[in-house]
Amino acid sequence: NGVSRIRLKPGTNLVGVPLKSGNLKSVSDLLRLEGIAGHATAIIVSDEGTFKVVARAGDDGDIPLTGGQALIITALQARVAEVTGVAWDNVSGD
């Protein structure tokens, strides 16, 4: 139905972006999502075999989001964020 959720528990969480959303273009955009904003301390992302930390827009690891990408989000407390959008196109990687 075009709505999905990212559920975080306190500590480390392995997540993927469930849907392609117009307001989620890069990794740091996740830090602004209602439910995550102010409750996640950092996101760890793998970029070409190197792990990078994203704590705000413009950080070195702030790469574009893609379907099938796994991210580690460190959270202070249990939270839920809704994501609205469409299914990722697995053929083109978008």
Side-chain angles (χ1 to χ4, degrees):
N1 65 359
V3 179
S4 191
R5 290 173 186 79
I6 297 174
R7 296 183 190 278
L8 301 177
K9 64 178 194 270
T12 58
N13 299 269
L14 181 62
V15 301
V17 180
L19 299 169
K20 183 177 181 180
S21 176
N23 66 336
L24 298 175
K25 299 291 186 190
S26 61
V27 172
S28 67
D29 291 340
L30 292 168
L31 295 170
R32 294 193 311 256
L33 273 180
E34 185 176 337
I36 293 178
H39 300 284
T41 56
I43 300 174
I44 301 169
V45 62
S46 176
D47 182 27
E48 298 181 12
T50 302
F51 287 102
K52 298 179 179 179
V53 176
V54 178
R56 63 184 173 276
D59 282 350
D60 189 38
D62 197 12
I63 60 175
L65 288 170
T66 59
Q69 183 178 43
L71 308 164
I72 297 172
I73 300 178
T74 56
L76 300 172
Q77 56 187 275
R79 302 300 291 181
V80 176
E82 282 196 353
V83 176
T84 57
V86 297
W88 289 95
D89 177 2
N90 291 333
V91 175
S92 67
D94 303 308

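- A donor-acceptor pair is defined here as one N or O able to donate and one able to accept, closer than 3.5 Å; no such pair exists between the side chain of Asp47 and the backbone of Gly61.
- Across every non-hydrogen atom of Ala57 and Asp62, the tightest pair is CA-OD2, 3.5 Å.
- Atoms CG and OG1, from Leu14 and Thr12 in turn, are 8.5 Å apart once rounded to the nearest 0.5 Å.
- For the pair Trp88 and Val17, the minimum side-chain heavy-atom distance is below 4.5 Å.
- Considering only residues two or more places apart in sequence or on other chains, Arg5 meets the side chain to side chain donor-acceptor pair (under 3.5 Å) condition with Glu82.
- In the model, Thr74 has a side-chain atom that pairs as donor or acceptor with a side-chain atom of Thr41 under 3.5 Å.
- With contacts defined as side-chain heavy-atom distances shorter than 4.5 Å, the pair Arg32/Leu30 does not qualify.
- Taking each heavy atom of Ala81 and Ile36 in turn, the nearest pair found is CB-CG1, 3.7 Å.
- Tracing side-chain contacts under 4.5 Å through hydrophobic residues (I, L, V, M, F, W, Y), one reaches Leu71 starting from Leu19; they form part of the same cluster.
- Looking only at side-chain heavy atoms (C-beta outward), Ile43 and Val53 stay at 4.5 Å or farther from each other.
- Two residues are said to be in side-chain contact when any heavy atoms from C-beta on lie closer than 4.5 Å; Pro10 and Leu76 fail this criterion.
- Side-chain contact between Val80 and Leu8 is absent, with no heavy-atom pair separated by less than 4.5 Å.
- Under a hydrophobic-cluster definition in which Ile, Leu, Val, Met, Phe, Trp and Tyr are linked whenever side-chain heavy atoms come within less than 4.5 Å, directly or via other members, Leu33 and Val15 are assigned to the same cluster.
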Legend entry - From CA spacing to verdict: side-chain contact (heavy atoms from CB on, under 4.5 Å), Gln69, Ile63: CA-CA 11 Å; Gln69 183 178 43; Ile63 60 175; 3.6 Å; yes

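- Annotation: side chain of Lys20 is not in contact with side chain of Thr66 (no heavy-atom distance under 4.5 Å).
- In this structure the side chain of Asn13 never reaches within 4.5 angstrom of the side chain of Ile72, judged on heavy atoms.
- Annotation: Glu34, atom CD; neighbour count of heavy atoms from other residues, nucleotides and ligands within 6.0 Å does not exceed 12.
- Residues meeting the side chain to side chain donor-acceptor pair (under 3.5 Å) test with Arg7, sequence neighbours left out: none.
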Legend entry - Working for side-chain contact (heavy atoms from CB on, under 4.5 Å), residues Val54 and Val45: CA-CA 8 Å; Val54 178; Val45 62; 4.2 Å; yes

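- A side-chain donor-acceptor contact under 3.5 Å links Asp29 to the backbone of Ser26.
- The side-chain heavy atoms of Lys52 and Thr50, taken from C-beta on, include a pair separated by under 4.5 Å.
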